[in-house]
Amino acid sequence: MSEARSEASVGNAATFDTHPGADAGVTPESPLQWSRVQGRVTEEGGAAEQIRVIERPFLGHLVLRGGAITLDEAVRAELGVSLPGKPLGLVLDAEGSRSVQWVSPDEWLVIVPAGEEFELENRLRARLGDAHFAIVNVGGGQTLLELSGEKARELLMKSVTYDVHEHGLPVGKAVGTVFAKTSVVLRRPSEERFELVVRRSFADYCVRWLRDAGREYGLRVESASP
Amino acid sequence: MFHIFCPYCQEYREEEEFHPSGQAHLIRPADPASVSDEEWGDYLFFRDNPRGIHHEMWVHRLGCRKFFNITRDTATYEILETYRMGEQPSITAANAEVRREQGVQTADGGWQTVGAQPENSRLNEETPS
Ligand SMILES: [Zn+2]
């Protein structure tokens, strides 16, 4: 039975794998499914535009809550990166595909490649044992949009109240803020790109906003294969 | 628009990210069953509405989602300081005048911005009654 692999019990918490695999007979649909049906999203890798928006669906999103010192030890052991201690900090692993973000003084957002979050959650739970903590898999509730291109900053200036200039949002910073009258987590993982973590139910809206605001520059919305 | 200093995010943010949540420093009666209806009603429903220095709870709704406190002048809309939950204000109605002469600072030492100024400051002078 496939459930045997996709469910676990660590301590007194039941965890389950939200990526049960192809044999489970479930086709995952990204939050941008409607936009895709409407032809607003194309496959990755086409003609260069001034702004590229790439959806990264089905990533593993975990919210960690608890004391910084306890969580830092566990995250460093299991993920190889240290918890950002400073407010608004964002750290990535050497590969750049796993990140830990400060959300509030007792809350961090961990994003890992699709399918890794189940094992990671189990390992973190096993390591944290009886410590006072909470781990929640929020991958089903939010998705990640990646913005790059020379006009990406100008596009954000039209969309968020936050100061997205180099001194306001340097590499390694992430903020929760207002984006086109909705909420968004705005991240700056590297020099070339910005990331938006948006609510699943607002993903279509955000993409339509981006397409409209980016029309003057030339904007292309693509979807990375999971 | 206000620029409000979030004591958790440690920087100024647009007012749009915040939401006011009423009077700060309300203390719930330790043993609700033993207080009179009047005392319980006071705790539950009655709030101060001062003209001048007021301490309020706000929440950084779209940022860190933490509640914190603001000392605000209800007559001038000036935000005098912001401080974390569990902390006490450094500016109160009792010491506000002294503070105003010396200049105001946030609890962590950063300077706080001044809100909208009244059209006629005399409107906001306290008149002895
Ligand atoms: Zn904040």
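Each chain gets a letter, A, B and so on, in the order the sequences are listed, and its residues count up from 1.
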Nearest heavy-atom contact between B:Tyr8 and A:Trp102 is O-CH2, 3.6 Å

Step through the shown structure and confirm whether more than 12 heavy atoms of other residues, nucleotides or ligands are within 6.0 Å of CZ on A:Arg153.
yes

With respect to chain A, which residue among B:Lys66, B:His60, B:Arg65 yields the maximal number of heavy-atom pairs within a distance under 4.5 Å?
B:Lys66

For A:Gly176 and B:Glu17, which heavy atoms make the closest approach, and how far apart are they?
O-OE1, 3.7 Å

Above 12 or not: heavy atoms from other molecules or residues under 6.0 Å from CH2 of B:Trp40?
yes

Paired with B:Arg13, the side chain to side chain contact (heavy atoms under 4.5 Å, CB included) test is passed by just one of A:Val175, A:Val178, A:Thr161, namely A:Val175

Quick check on B:Asp37: does its CG atom have over 12 non-hydrogen neighbours (other residues, nucleotides or ligands) under 6.0 Å away?
no

Taking atom CZ of A:Phe16 as the centre, does the number of heavy atoms from other residues, nucleotides or ligands within less than 6.0 Å exceed 12?
no

Taking side chain as everything from C-beta outward and backbone as N, CA, C, O, which of these in B:Glu14 sits under 4.5 Å from a heavy atom of chain A? Side chain, backbone, both or neither.
side chain

Any chance CZ of A:Phe133 has more than 12 other-residue heavy atoms, nucleotides or ligands included, within less than 6.0 Å?
yes

Closest heavy-atom pair and its distance - A:Pro87, B:Cys9
CB-O, 3.8 Å

